[in-house]
Asks: 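Take a look at the following structure, please.
In what follows, every heavy atom counts, from backbone to side chain, and hydrogens, waters and symmetry copies are set aside. Lettering of chains follows the sequences in order, A, B, ..., and the numbering in each one begins at 1.
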Amino acid sequence: MEYNFREIEKKWQALWKETGLYKTEIDNAKPKFYVLDMFPYPSGAGLHVGHPLGYIASDIYARYKRQKGFNVLHPMGYDAFGLPAEQYAIQTGQHPAITTEKNVNRYREQLDKIGFSFDWDRSFKTCDPDYYKWTQWTFIQLFNSYYCNQAKQARPVSELMEAFAAHGTEGLDVAQTKPMEFTAEEWNNASEKKRQEILMNYRLAYLADTWVNWCPKLGTVLANDEVVNGLSVRGGFPVERKLMRQWVLRVSAYAERLLNGLDTVDWTDSLKEIQRNWIGRSEGAAVWFPLAKEGQLDWKKIYMGSHIEGVECERAFEIFTTRPDTIFGVTFMVLCPEHEMIPSITTPEQKEAVEAYVSWAKNRSERERQAEVKKVSGVFTGAFAINPITEERIPIWVSDYVLSDYGTGAIMAVPAHDSRDFAFARHFDLPIRQVVAPSVDEVSNPDTWEESLDSKTGVCVNSGFIDGMAVKDAGKAVIERIKEMGVGYGTVNFRLRDAIFSRQRYWGEPFPIYYEDGMPYPVPENELPVLLPEVDQFLPTETGEPPLARAKDWTYHGCQREYSTMPGFAGSSAYYLRYMDPKNDKALVSKEADEYWQNVDLYVGGAEHGTGHLIYARFWNKFLFDIGVSCKDEPFRKLINQGMIQGRSNFVYRAVSTNKFVSLNLRKEYETTPIHVDVNIVHNDILDIEAFKNWMPDFKDAEFILEDGQYICGWEVEKMSKSKYNVQNPDDLVEKYGADTLRMYEMFLGPVEMAKPWDTNGIEGVSRFIRKFWKLYFDGEGNFAVSGEEPTKAEWKTLHKTIKKIEEDNERFSFNTAISAFMICTNELTDAKCRKRAVLEPLCVLMSAYAPHITEELWSLLGHEESVLKAAYPVYDEQYMVEDEYLYPVSFNGKMRLKMSFPASYTPKEIEPLVLANPDAQKWLDGKTPKKVIIVPKKIVNIVF
RNA sequence: GCGGAUGUGGCGUAAUGGUAGCCGCGCCAGACUUAGGAUCUGGUGGCGAAAGCCGUGGGGGUUCGAGUCCCCCCAUCCGCACCA
């Protein structure tokens with residue numbers, strides 16, 4: 001029987017579907033294992049060979065774990081809300097739901113051809129109302145929660161209201177937008193509207209006027225991770241800063257837990273590091289610099305008094321610094337252009353200049369600002385602040401090198417020890433004072449410096465009470481002092497920002513929110529989901545409202561609803577929980593399902609989600625953990641980042657202004673221009689000339705200058721894209737070689753984690769191997785002929801070392817080396833003409849995780865009725881791995897000289913005299929006594945003399 | 001600038017501190033063929049006729065022994081980037 005992969009694959013795929021082989025249920029008799037892939041966004045282009053790479057790896061692991069006795073949850077779904085479908089809808093008028101449905105079906109078709117073991121009964125799209133109901137539900141829970149810094153967890157807002165009623169903000173330690181102070185009386189007397197405004201300061205999902213990334217071209221606000229170099233990730237359009245009222249998630253409240261949680265998960269160090277950098281924890285101090293008033297000599301007393309009584313607090317600037325040890329080197333202060341105190345402190349003389357600068361800075365696009373980072377700009381306000389430690393008057397400047405959304409938007413400038421302050425001081429001719437030096441005698445005149453001294457080592461100089469102290473101690477001493485004085489405290493700052501959660505777009509989850517008296521209220525939970533309404537056009541209204549404002553009669557009991565929709569990450573943040581219990585209409589996930597499946601044991605996906613999805617999902621899950629929905633604090637226990645598959649483009653070289661094409665190695669002799677050529681008409685870099693002539697009308701009459709009768713193409717690694725003609729479609733490869741070959745070839749390409757160019761050149765080798773493997777089970781006439789004969793010792797050995805190797809490789813996700821082991825095994829068994837059941841049956845089980853179709857066919861030919869998936873992973877036997885004899889390379893002072901064999905049972909003690917007695921060894925020793933003899937069992941003998 | 005990773009034949013890659021280059025592609029030779037982009041067999045790091053010598057980006061070090069561990073440098077890729 002010939003290996004007919006087309007028939008075999010079609011037959012088994014149909015049978016798997018029919019019998020529901022991959023259906024998974026809770027089974028308390030078995031340990032669980034949850035294998036998850038990052039679900040795809042179904043784009044119109046379909047899958048290319050890069051997509052299935054991770055899916056194949058996780059599928060192999062999922063199948064392997066099943067055979068190891070685990071109850072494996074291995075689901076798949078679609079991240080279906082998003083910009084591309086909506087952009088397409090704007091252009092064509094076709095409803096995004098229709099486009100999405102079409103793309104999803106195409107994805108499913110492509111995925112089915114590769115033979116994955118997904119439990120499709122658990123599948124969903126994030127745009128399904130049954131699913132987004134729970135996205136909306138979670139949003140309401142966020143809205144109704146605040147973050148308690150003491151308990152380090154989310155708590156119901158109702159508790160906060162009780163606390164306010166009892167004692168106002170007294171003793172409050174919670175995550176908040178701005179510090180607020182009020183008494184119980186003030187709270188109790190406040191109107192409903194006023195109370196709602198106050199609560200907005202604490203909710204985990206809150207509405208706030210925020211400086212946002214506004215993309216005019218897309219007509220929406222974007223999160224920081226959706227903007228790269230001032231351009232939108234989707235579409236590459238410019239982004240501006242804009243002050244807008246937006247929904248925001250208080251992700252920053254979880255910064256510490258998001259950081260600490262990284263120590264408990266099994267992710268790669270590089271990805272953990274990416275997240276640590278993104279969260280960006282900095283230790284330092286907050287210090288209040290009071291505004292100096294004309295004629296106010298006893299400023300300190302006034303300021304101190306003011307602060308303690310909570311009156312006129314705004315007359316001091318709070319700054320954040322990581323270098324409190326340099327406080328004696330402060331020579332000016334800088335505010336960000338957005339700072340709210342600028343108008344009130346600017347002197348009349350400076351008013352015009354400041355206003356001009358502020359308006360210029362605010363209107364600059366993000367891209368411009370980033371492009372001109374090196375350029376110094378700024379303006380003096382005319383006002384002065386007082387350094388609380390030195391009591392010096394320092395000028396207050398405004399500059400856009402101070403960011404509004406980090407720290408407090410105000411800094412103390414220490415030009416001698418910060419490169420940015422240094423550049424600013426030089427540009428505006430402000431004083432520079434050295435307060436740190438490598439040692440006490442290495443103080444110099446900063447006027448002669450070319451750059452600032454940013455090092456955090458050395459001693460303090462010119463620094464009052466910390467003079468002579470080591471920098472690392474001085475910081476602590478300053479913090480102590482400011483605490484005593486009541487002008488500051490030691491604190492920690494995070495780079496992680498709250499996430500803007502509104503999108504002024506159509507194709508996303510509607511907010512379950514309506515407005516009454518200008519304040520937002522959640523829709524009752526029993527009225528969820530709030531369905532996405534129909535609109536006549538997917539565009540903003542004439543008045544600039546988001547598309548949902550076009551929906552007819554879309555109100556909540558006459559109240560206006562929220563018109564923006566949620567961002568892409570909303571739907572992808574808890575999808576892993578929903579797979580555990582996808583049909584539940586009472587809860588996001590039942591207690592039973594959550595407690596059985598816990599969290600994801602293995603998550604496979606690209607590292608490009610490191611600062612987006614993987615942060616949001618962790619945040620979202622920690623919140624669900626706090627409110628008792630999820631039983632695990634971290635959603636993804638182990639994470640594997642599959643490397644990106646790059647394209648490998650082929651080129652032909654056209655001699656300039658001719659229709660002649662010159663083969664790769666002859667092109668030096670001509671002046672040529674390289675032209676991309678479709679990789680599908682090139683085999684092993686040799687051009688199919690006929691196919692090329694037919695490829696495009698232009699090349700119909702092309703002439704070729706060949707080498708050795710062939711046209712050899714050049715190649716380059718580039719991004720995989722249609723315009724470069726280097727896209728490989730998995731369907732074509734399945735059609736040509738079969739799914740099993742594609743699966744194994746993708747794994748054989750190299751380590752899963754490594755980025756690599758797609759190159760079809762090697763697929764023939766894997767295809768040959770699969771056919772050779774098939775032939776193991778058939779005789780010369782092509783009849784299935786597996787015998788019951790007892791294998792020889794060598795055959796047993798081949799089998800058991802393969803079982804062991806595959807198990808080790810599976811466990812460490814080294815699928816490329818595992819395939820090498822399969823090839824070696826197959827070659828050995830072919831050479832031995834071994835066609836014995838005792839060997840071939842277990843081998844079939846090992847291979848089934850990699851090549852499920854061919855093994856399923858062989859397994860049934862072997863007489864089994866159940867799927868090979870249900871077979872147990874074979875146990876290897878150490879006794880077959882012990883050699884009779886070992887070859888010992890003998891080295892003298894590390895140089896190899898001779899090789900000797902010894903029975904495997906010999907101990908190093910027994911080997912030593914035999915080696916030394918060897919005549920050749922004697923020759924090398926030349927009468928000398930060796931200093932030592934090192935014998936590594938089974939490996940080496942090293943004689944040192 | 002900060003952080004992370006990687007560097008081995010013509011190519012993809014492999015080597016618990018122990019004979020560097022397994023497995024595959026490509027290439028060379030041969031067999032069977034009317035034919036081969038089929039199949040099978042053998043060879044294939046470099047220099048050398050050979051013995052042998054040299055070889056894992058470069059330079060040091062630890063070790064009896066280093067692709068592997070440590071230090072410095074170079075190159076490439078990725079992430080962050082005015083984060084005080």
Asks: Walk along nucleotides 36-45 of chain B from 5' to 3' and tag each nucleotide B, S or - by protein heavy-atom contact under 4.0 Å, base first, then sugar-phosphate.
Replies: -B-S------

Asks: Which is true for A:Val334 with a 4.0 Å heavy-atom rule: it touches a base, it touches only sugar-phosphate, or it touches nothing?
Replies: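 Nothing: the residue A:Val334, judged by heavy atoms under 4.0 Å, touches no strand.
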
Asks: Taking the same atom, P, in B:C69 and in B:U56, what whole-Å distance lies between them?
Replies: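 Their P atoms lie roughly 16 Å apart.
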
Asks: With nearest nucleotide decided by heavy atoms, which residue, A:Gly407 or A:Lys805, maps closer to the 5′ end of RNA chain B?
Replies: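 That would be A:Lys805.
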
Asks: Just to verify, what does A:Tyr357 make a ring-ring contact (aromatic ring centres under 6.0 Å, His included) with, not counting sequence neighbours?
Replies: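 ring-ring contact (aromatic ring centres under 6.0 Å, His included) check on A:Tyr357 returns A:Trp360.
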
Asks: What contact category does A:Leu403 fall into here, base, sugar-phosphate, or nothing, at under 4.0 angstrom with non-hydrogen atoms?
Replies: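 Touches a base.
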
Asks: If we take the P atom in both B:A66 and B:C54, what is their distance in whole Å?
Replies: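 Going atom to atom, P in each nucleotide, I get 13 Å.
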
Asks: Using a cut-off of 4.0 Å on non-hydrogen atoms, how would the nucleic acid contact of A:Ser419 be classed: base, sugar-phosphate, or nothing?
Replies: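 No contact.
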
Asks: How does protein contact run along nucleotides 68-76 of chain B, one letter per nucleotide 5' to 3', with B for base contact, S for sugar-phosphate only, - for none, heavy atoms under 4.0 Å?
Replies: ---------

Asks: Could you check whether A:Thr817 and A:Ser820, counting side-chain N and O atoms only, form a donor-acceptor pair closer than 3.5 Å?
Replies: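 Per modelled atom types, A:Ser820 and A:Thr817 side chains form no pair under 3.5 Å.
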
Asks: Under a plain distance cut-off of 3.5 Å, with no hydrogens placed, do A:Ser282 and A:Tyr406 share a side-chain donor-acceptor pair?
Replies: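 Note: A:Tyr406 and A:Ser282 side chains meet the donor-acceptor criterion.
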
Asks: Can you give me the N/O atom pairs linking the protein to nucleotides 18-23 of chain B at distances under 3.5 Å, or say none if there are none?
Replies:
residue: B:G18; atom: N2; partner: A:Asn942; partner atom: ND2; Å: 3.0
residue: B:U19; atom: O2; partner: A:Lys899; partner atom: NZ; Å: 3.2

Asks: C1' atom, B:G12 versus B:C27: distance in rounded Å?
Replies: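 Their C1' atoms lie roughly 16 Å apart.
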
Asks: Can you see if the side chain of A:Tyr406 gets near the phosphate of B:C82 - specifically, an N or O under 4.0 Å from OP1 or OP2?
Replies: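 Looking at the OP1 and OP2 atoms of B:C82, neither is under 4.0 Å from any side-chain N or O of A:Tyr406.
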
Asks: Taking atom C1' in both B:G21 and B:G26, what distance in whole Å separates the two?
Replies: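 My reading of the C1' atoms in B:G21 and B:G26 gives 16 Å.
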
Asks: Would you classify A:Pro757 as touching base, sugar-phosphate or nothing, given that sugar-phosphate means primed atoms plus P, OP1 and OP2, and contacts are heavy atoms under 4.0 Å?
Replies: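 Since no nucleic acid heavy atom lies under 4.0 Å of A:Pro757, the category is nothing.
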
Asks: For residues 399-409 of chain A, which residue pairs pass the salt bridge (Lys or Arg N to Asp or Glu O under 4.0 Å) check, not counting sequence neighbours?
Replies: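 Output for this query lists A:Arg241-A:Asp405, A:Arg364-A:Asp400, A:Asp405-A:Arg497.
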
Asks: The criterion is ring-ring contact (aromatic ring centres under 6.0 Å, His included); which residues satisfy it with A:Trp449, sequence neighbours excluded?
Replies: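 So A:Trp449 forms no ring-ring contact (aromatic ring centres under 6.0 Å, His included) with any residue.
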
Asks: With sequence neighbours excluded, what pairs up with A:Tyr401 under the side-chain hydrogen bond (donor to acceptor under 3.5 Å, both in side chains) test?
Replies: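 Expected list: A:Asp421.
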
Asks: Using the P atoms only, state how far B:G55 lies from B:C70, rounded to an integer number of Å.
Replies: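 To the nearest whole Å, 23 Å.
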
Asks: Summarise protein proximity over nucleotides 3-9 of chain B in one line of letters, 5' to 3': B for base, S for sugar-phosphate only, - for none, counting protein heavy atoms closer than 4.0 Å.
Replies: SS-----

Asks: Which residue, A:Thr611 or A:Ile943, contacts RNA chain B at a nucleotide closer to its 5' end, judged by nearest heavy atom?
Replies: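 First, find each residue's nearest nucleotide; the 5'-ward one identifies A:Ile943.
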
Asks: Determine: side-chain N/O of A:Asn761 to OP1/OP2 of B:C11, distance under 4.0 Å, yes or no.
Replies: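 It does not, given that no N or O in the side chain of A:Asn761 lies less than 4.0 Å from OP1 or OP2 of B:C11.
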
Asks: Only pairs at least two apart or in different chains count here, so list each salt bridge (Lys or Arg N to Asp or Glu O under 4.0 Å) that has a residue in residues 275-286 of chain A.
Replies: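 Passing the test, one end in residues 275-286 of chain A: A:Glu256-A:Arg281, A:Asp263-A:Arg276, A:Glu273-A:Arg276, A:Arg281-A:Glu283.
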
Asks: Taking the chi torsion of B:G9, is it syn (within 90° of 0) or anti (everything else)?
Replies: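 Syn.
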
Asks: For the residue pair A:Tyr888 and A:Phe902, is the inter-centroid distance of their aromatic rings smaller than 6.0 Å?
Replies: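 Close enough - the centres of the two rings lie under 6.0 Å apart.
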
Asks: The side chain of A:Arg495 lies closest to which of these nucleotides: B:U13, B:A81, B:A84?
Replies: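 Minimum distance to the A:Arg495 side chain belongs to B:A81.
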
Asks: Looking only at side-chain N and O atoms, does A:Asp418 offer a donor or acceptor that is under 3.5 Å from a partner on A:Ser452?
Replies: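 Side chains of A:Ser452 and A:Asp418: no pair found under 3.5 Å.
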
Asks: Identify, with sequence neighbours excluded, every residue that meets side-chain contact (heavy atoms from CB on, under 4.5 Å) alongside A:Glu878.
Replies: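 A:Glu878: side-chain contact (heavy atoms from CB on, under 4.5 Å) contacts with A:Lys804, A:Tyr876, A:Met881.
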
Asks: Suppose we screen for salt bridge (Lys or Arg N to Asp or Glu O under 4.0 Å). Which residues come up paired with A:Glu735, at least two apart in sequence or across chains?
Replies: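 Only A:Arg6 meet the salt bridge (Lys or Arg N to Asp or Glu O under 4.0 Å) criterion with A:Glu735.
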
Asks: Please classify the nucleic acid contact of A:Arg497 as base, sugar-phosphate, or nothing, using heavy-atom distances under 4.0 Å.
Replies: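 It contacts base atoms.
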
Asks: Take atom C1' in B:G24 and the same atom in B:A5, then report the distance between them in whole Å.
Replies: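 Result for the C1' pair: 26 Å, nearest Å.
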
Asks: Counting Watson-Crick and G-U wobble pairs only, both distances under 3.5 Å, name the nucleotide matched with B:U41, or none.
Replies: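 In the structure as shown, B:U41 has B:A29 as its Watson-Crick or wobble partner.
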
Asks: Can you tell which of A:Ile935, A:Asn893, A:Val915, A:Ile934 makes a side chain to side chain contact (heavy atoms under 4.5 Å, CB included) with A:Ile943?
Replies: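 For A:Ile943, the side chain to side chain contact (heavy atoms under 4.5 Å, CB included) check succeeds only for A:Val915.
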
Asks: Paired with B:U8: which nucleotide, if any, by Watson-Crick or G-U wobble criteria at under 3.5 Å for both distances?
Replies: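 In the structure as shown, B:U8 has no Watson-Crick or wobble partner.
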
Asks: Between A:Phe424 and A:Phe428, what is the ring plane arrangement, given parallel below 30°, perpendicular above 60°, and tilted in between?
Replies: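 Rings of A:Phe424 and A:Phe428: tilted, 30 to 60°.
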
Asks: List for me each residue that meets salt bridge (Lys or Arg N to Asp or Glu O under 4.0 Å) alongside A:Asp809, sequence neighbours excluded, and say none if there are none.
Replies: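 Once residues adjacent in sequence are excluded, the partners of A:Asp809 under the salt bridge (Lys or Arg N to Asp or Glu O under 4.0 Å) criterion are A:Lys805, A:Arg812.
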
Asks: Expressed as a whole number of Å, how far does the P atom of B:A31 sit from that of B:A15?
Replies: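 That atom pair is separated by 38 Å.
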
Asks: Using atom C1' of each nucleotide, how far apart are B:A75 and B:C53 to the nearest Å?
Replies: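 The same atom, C1', in both gives a distance of 29 Å.
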
